[in-house]
Amino acid sequence: MKKLINRPENVVAESLAGLVAAHSDLLTLSQNPLFVAWKDAPVSGKVGIISGGGSGHEPLHVGYVGRGMLDAACPGDVFTSPTPDQIEAATRAVDSGAGVLHVIKNYTGDVMNFELAAELCQAEGIQVETVLVDDDVAVKDSLYTAGRRGVGATVLVEKICGAAAEQGHKLSAVAAIGKEVNQRTRSIGIALTSCTVPAAGKPTFEIGDQEMEFGIGIHGEPGRSRMQIKTARDVVRMMTEEVVRDLPFQSGDSVIALVNGMGGTPLIELYLVFGEMIEVCREKGINVVRPLVGNYITALEMAGCSITLLKADDRLLTLWDAPVHTAGLRWGR
Amino acid sequence: MKKLINRPENVVAESLAGLVAAHSDLLTLSQNPLFVAWKDAPVSGKVGIISGGGSGHEPLHVGYVGRGMLDAACPGDVFTSPTPDQIEAATRAVDSGAGVLHVIKNYTGDVMNFELAAELCQAEGIQVETVLVDDDVAVKDSLYTAGRRGVGATVLVEKICGAAAEQGHKLSAVAAIGKEVNQRTRSIGIALTSCTVPAAGKPTFEIGDQEMEFGIGIHGEPGRSRMQIKTARDVVRMMTEEVVRDLPFQSGDSVIALVNGMGGTPLIELYLVFGEMIEVCREKGINVVRPLVGNYITALEMAGCSITLLKADDRLLTLWDAPVHTAGLRWGR
Amino acid sequence: MKLTIDFFIAWLRSLRQCFSENRDYLTRLDSAIGDADHGINMERGFSAVYEQLEKQSPKTVEELLKLTAMTLIRTVGGASGPLYGTFFLRASAATSGKSELAVEDLVTLFEAGLGGIIQRGKAEPGDKTMVDAWIPAIAAVKACAAQSPGDPAETLQKAAEAAETGMRNTIPLQARKGRASYLGERSVGHQDPGATSTFLMLDAAARVAENS
Amino acid sequence: MKLTIDFFIAWLRSLRQCFSENRDYLTRLDSAIGDADHGINMERGFSAVYEQLEKQSPKTVEELLKLTAMTLIRTVGGASGPLYGTFFLRASAATSGKSELAVEDLVTLFEAGLGGIIQRGKAEPGDKTMVDAWIPAIAAVKACAAQSPGDPAETLQKAAEAAETGMRNTIPLQARKGRASYLGERSVGHQDPGATSTFLMLDAAARVAENS
Ligand SMILES: Nc1ncnc2c1ncn2[C@@H]1O[C@H](COP(=O)(O)OP(=O)(O)O)[C@@H](O)[C@H]1O
Ligand SMILES: Nc1ncnc2c1ncn2[C@@H]1O[C@H](COP(=O)(O)OP(=O)(O)O)[C@@H](O)[C@H]1O
Ligand SMILES: [Mg+2]
Ligand SMILES: [Mg+2]
Ligand SMILES: [Mg+2]
Ligand SMILES: [Mg+2]
């Protein structure tokens with residue numbers, strides 16, 4: 001294992017200390033229980049938005065705390081969901097009285113820990129609503145699975161809900177928009193290498209020099225299938241077609257498209273992937289009106305990428321375009 | 001070699017196509033000769049700024065084309081400097097009559113190709129000035145070397161010169177500011193893994209599981225020395241001390257600090273590195289007033305990082321804070 | 001031996017070492033069909049429980065199990081945190097007022113705990129989860145309780161053996177809950193990490209009982 | 001054989017295959033002390049020259065060498081692009097008005113070319129660059145020119161042999177120019193890629209001369 005760390009058990013705490021030091025104009029760190037909050041939260045009258053999950057997906061979620069996105073984020077240990085006390089404390093810290101939205105990626109651990117926290121919060125009289133993100137088409141949503149994983153859509157849900165809250169929508173409306181974004185979004189991911197959980201010390205899976213994993217999540221878990229590595233053109237076509245077929249996206253649709261790196265794939269490749277993806281979309285009459293290319297929801301140093309499409313309309317585009325100022329996403333005033 | 005590409009010889013062209021498609025509001029692509037230009041260039045009366053160098057360092061340079069930074073960038077093949085015809089054409093394209101600044105990283109190839117281009121431009125009556133970036137303290141600047149390499153300072157020079165040009169400074173003044181930034185900046189880098197040049201197909205250097213390269217550049221070239229891997233704390237202390245000693249930075253100095261990832265190191269580690277670096281600075285009475293943490297000047301998928309410090313003053317901070325809107329760096333209006 | 005608070009304290013303290021020894025084993029199992037953290041999660045949780053027991057002195061089994069529950073919920077995270085946390089929370093309630101447990105009380109305790117796991121996680125038998133270790137274990141405890149007066153040490157030994165069988169029987173199953181379910185058919189052929197940690201907990205209990 | 005335009009065309013065309021065959025070899029040398037692209041650069045440059053020669057028909061040696069120079073400058077990049085480009089540009093000027101070159105003219109051509117390399121790159125002998133292959137090669141050509149009438153094929157053979165020696169002699173040197181100089185003492189023990197491509201160019205010339 002080659003990492004720029006001190007001791008595996010301190011990675012999360014030490015990285016958060018660095019993050020908050022680098023963005024001291026924007027962020028504060030609560031130590032016990034652990035969460036990162038926007039300095040200006042709670043904003044009077046504004047719905048609070050929090051999210052959380054295992055660490056190792058940076059900039060998600062801690063990098064999305066700030067104006068126009070999250071009011072707080074609860075980082076768990078690497079790939080381990082946070083605990084209810086963190087979530088409860090963060091919820092309390094950002095509630096202005098207008099209630100708090102929990103954005104939860106659909107993993108058994110996250111769901112249960114947020115559920116426990118929500119029970120605690122509601123007992124204290126804080127209004128809590130939930131958006132469950134489950135956009136990964138690699139997983140069948142059936143009785144025989146824990147449902148689809150939450151992946152790339154999380155970034156879009158957090159950005160768009162953040163803008164809606166900023167515009168003064170009330171909790172139920174912000175939650176409804178978040179659910180709508182999730183319903184209109186589909187993603188798929190692939191990996192060329194495994195990642196290494198610091199405390200585990202070795203790669204989560206072994207993979208040959210000529211192999212790739214298709215349909216992976218963001219935790220170094222094996223994907224839906226293993227196959228021979230292909231050209232970017234072929235890989236991206238397979239990925240895009242799975243995503244398009246699922247919603248389905250149709251000719252004439254306008255989409256927000258996220259080409260996301262898993263952490264170890266350089267930008268030169270991600271832009272190449274974006275170029276290939278847009279070709280497939282063009283063929284199908286799908287119009288990419290807002291592109292986002294980079295490392296936005298990662299799996300440590302895994303090499304690979306994911307593709308996320310959101311079927312947009314004018315309202316969602318306006319919310320997307322609204323100013324955002326966080327460590328990981330920034331535009332507008 | 002595991003990369004999301006089609007054919008090694010097309011990586012640069014295909015990646016640029018994706019970049020320009022993703023940022024079509026900002027960028028245009030000239031095909032023959034190859035360069036990326038800001039849509040609004042030339043801006044009447046404004047000094048043009050161009051840079052260029054081998055590809056594989058993304059977002060540098062093409063990702064820094066836009067408002068408040070570069071007017072154009074000339075990408076060479078991976079790790080190979082661009083050719084004079086590209087540089088000449090880009091210079092011509094962005095000259096509003098106010099002249100054009102060439103920001104050049106100090107590598108023999110870049111220097112000679114820019115030199116040839118500048119001769120051609122001057123023959124056409126275009127005013128050209130040059131800032132040579134050479135901030136890498138790992139290399140001795142002596143008769144016995146090609147001088148210091150240009151690394152992290154390049155990002156700072158491009159940003160600050162871009163702001164100066166935007167504010168209406170004339171060519172000689174913009175060049176003088178660029179040179180000043182370079183003189184006040186020092187950097188050093190380390191690598192945990194090699195990168196693989198796509199056309200070469202295998203890692204540039206072999207490195208053991210317990211080894212790191214200290215004092216590397218951004219081309220997968222071996223560093224100044226190889227050593228046992230250490231904790232982030234120890235590595236960052238060694239790095240920061242080399243940088244601080246060289247200028248030297250002194251107690252009471254205010255600095256802009258860049259903790260830069262080489263492409264394969266995840267953000268969770270880069271923030272941890274930033275946290276360690278700021279500790280060392282604090283000890284030495286150096287005040288980090290503007291931090292930047294992320295992948296800004298990379299070496300393909302190499303794992304590792306670099307640390308860059310710029311001794312700032314109010315004028316440089318104002319230029320640093322000025323709005324910038326590029327694919328790779330964005331803030332302000 | 002008697003199932004008093006001393007036994008439960010000794011058992012819970014022993015789990016620190018148990019999960020530190022089995023950390024890599026559990027994490028390796030979780031690498032194959034999960035996210036390579038189950039051993040790390042269990043070690044973190046039961047180290048925290050151990051530390052709590054250094055600082056606090058719960059007076060009753062009920063308080064002790066509740067402290068364990070809250071500590072696990074606050075430190076483990078992931079799926080196993082709320083599941084084992086809920087197990088101990090319900091187990092605590094089921095021991096209310098008792099200072100010594102008979103073998104029949106163990107049935108009540110385990111059934112309450114498992115009820116919590118099932119309510120939280122909605123897993124059914126055969127879904128390839130920790131539930132598949134608890135069910136045969138509890139059946140074994142019930143069988144011992146039927147031959148009164150059951151011997152606690154022997155009962156826990158039988159429970160551990162049954163859990164081990166349940167654990168091994170998860171190997172051919174296809175996961176339908178938790179992270180492993182994302183793998184579909186690729187989850188077949190691997191032993192469930194949570195069923196394994198359940199076996200290890202019961203096995204530790206049996207060993208503490210045997211030596212006390 | 002005669003050093004007419006046909007010889008130079010045949011030589012330059014042969015360099016496409018030469019550098020495609022030696023691409024990985026040169027890149028491997030450049031990996032050790034550089035950035036792993038010298039073979040790729042040379043292959044790209046001389047493929048482009050080959051293509052130009054399919055499309056255009058320069059009438060004189062001067063035009064041919066100038067076309068080669070401009071093509072290399074436009075396609076190679078890196079350090080070697082401007083250096084070899086300048087070499088051919090100066091070489092072109094040195095052949096002005098000649099339709100057949102004598103061995104003495106080769107001296108003029110190579111010296112002009114090397115002068116360009118040195119002016120552009122400021123390398124001195126012993127800096128571990130391509131200059132260290134050119135200098136002994138040119139000395140060998142001069143020696144042949146002294147015994148008039150020198151035989152072109154034999155001259156080029158001697159030049160190639162001398163370049164090879166110069167190339168091997170770069171191994172113990174510490175680089176003082178170009179990328180390899182960043183390595184300081186770590187550059188010792190490795191053969192310079194640019195000196196190697198210079199040898200390969202001359203070796204190809206000798207072989208074309210021998211077979212024509
Ligand atoms: N819904 C569920 N019901 C019961 N047990 C479950 C459920 N989901 C997961 N588990 C158990 O949790 C174990 C994984 O725990 P752990 O690795 O700590 O959490 P995570 O999956 O969040 O990383 C699985 O091996 C399984 O036994
Ligand atoms: N200043 C110089 N003068 C002469 N030759 C040089 C000089 N700098 C570099 N070279 C030659 O160029 C070769 C490297 O070429 P290449 O790898 O194509 O370019 P780059 O170093 O830009 O990647 C070196 O091996 C050396 O022979
Ligand atoms: Mg987990
Ligand atoms: Mg090069
Ligand atoms: Mg797990
Ligand atoms: Mg090279």
Side-chain angles (χ1 to χ4, degrees), chain A residues 1-7 11-12 14-19 21-23 55-56 58-59 63 78 192-193 195 209 212 229 231-233 235-236 259 263-278 288 291-293 295 298 300-301 303-305 325 327-328 330-333, chain B residues 1-7 11-12 14-19 21-23 55-56 58-59 63 78 192-193 195 209 212 229 231-233 235-236 259 263-278 288 291-293 295 298 300-301 303-305 325 327-328 330-333:
Chain A
M1 177 178 60
K2 293 182 116 178
K3 290 180 188 286
L4 289 166
I5 62 174
N6 297 308
R7 294 155 56 91
V11 170
V12 171
E14 292 175 355
S15 177
L16 289 172
L19 170 81
H23 299 279
S55 295
E58 291 67 23
V78 173
L192 303 183
T193 64
C195 52
D209 261 4
M212 56 177 266
I229 200 168
T231 62
R233 184 153 309 149
V235 173
V236 172
V259 167
T265 285
L267 209 44
I268 191 170
E269 294 177 32
L270 296 179
Y271 275 119
L272 191 152
V273 164
F274 180 80
E276 297 295 344
M277 187 213 68
I278 214 172
V288 176
L292 191 65
V293 181
N295 292 323
T298 60
L300 295 170
E301 74 282 22
C305 72
H325 180 177
R330 184 167 178 182
W331 58 67
R333 231 158 337 96
Chain B
M1 176 179 62
K2 294 181 115 178
K3 290 180 185 288
L4 289 166
I5 62 173
N6 297 308
R7 294 154 57 92
V11 170
V12 172
E14 291 175 356
S15 177
L16 289 172
L19 169 81
H23 299 280
S55 295
E58 291 69 22
V78 173
L192 302 183
T193 64
C195 52
D209 262 4
M212 56 178 265
I229 200 168
T231 62
R233 184 153 308 148
V235 174
V236 172
V259 167
T265 284
L267 209 45
I268 190 169
E269 294 176 33
L270 296 179
Y271 276 118
L272 191 152
V273 164
F274 180 80
E276 297 295 345
M277 186 212 67
I278 214 170
V288 176
L292 191 64
V293 182
N295 293 323
T298 60
L300 294 170
E301 73 281 24
C305 71
H325 180 177
R330 184 167 178 181
W331 58 68
R333 233 156 341 96

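Order of the sequence lines sets the chain letters (A, B, ...), proteins ahead of strands, with each chain counted from 1. Hydrogens, waters and symmetry mates play no part in the numbers below; they use all other heavy atoms, side chains included. Here the structure is a predicted model, which means the values were calculated and not measured.
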Can you tell which part of A:A303 gets under 4.5 Å to a heavy atom of chain B, answering side chain, backbone, both or neither? neither
Who wins among B:V11, B:V273, B:T265 for the most heavy-atom pairs under 4.5 Å with chain A? B:V11
Check B:P59 against B:G328 and note the closest heavy-atom contact, atom names and distance. CB-CA, 4.1 Å
So which atom in A:G263 and which in A:N295 form the shortest heavy-atom distance, rounded to 0.1 Å? N-OD1, 3.8 Å
Is there a donor-acceptor pair closer than 3.5 Å between any side-chain N or O of A:S15 and the backbone N or O of B:I268? yes
I need the minimum non-hydrogen distance between B:N6 and A:A232, along with the two atoms involved. OD1-N, 3.3 Å
Tell me, out of B:H23, B:M1, B:R7, who's got the most heavy-atom pairs with chain A below 4.5 Å. B:H23
Heavy-atom pair with the smallest gap, counting every atom of A:V293 and B:A22: CG2-CB, 4.0 Å
Who wins among B:T231, B:V259, B:L19, B:L16 for the most heavy-atom pairs under 4.5 Å with chain A? B:L19
Which of B:K2, B:K3, B:E14 touches chain A most, by non-hydrogen pairs under 4.5 Å: B:K2
Hey, could you give me the CZ/CG distance between A:F274 and A:L267, rounded to the nearest 0.5 Å? 12.5 Å
Let's test your reading of the structure: which of B:H325, B:M277, B:E276, B:R233 forms the most heavy-atom pairs below 4.5 Å with chain A? B:R233
The interface call for B:I5 against chain A, heavy-atom contacts under 4.5 Å, is both
Using every non-hydrogen atom in the two residues, find where A:T298 and A:E58 come nearest and quote the distance to one decimal. OG1-O, 2.8 Å
At a heavy-atom distance under 4.5 Å, which candidate from B:P266, B:G63, B:C195, B:G56 has the highest pair count against chain A? B:P266
Does any backbone or side-chain atom of A:L192 lie under 4.5 Å from a heavy atom of chain B? Answer side chain, backbone, both or neither. both
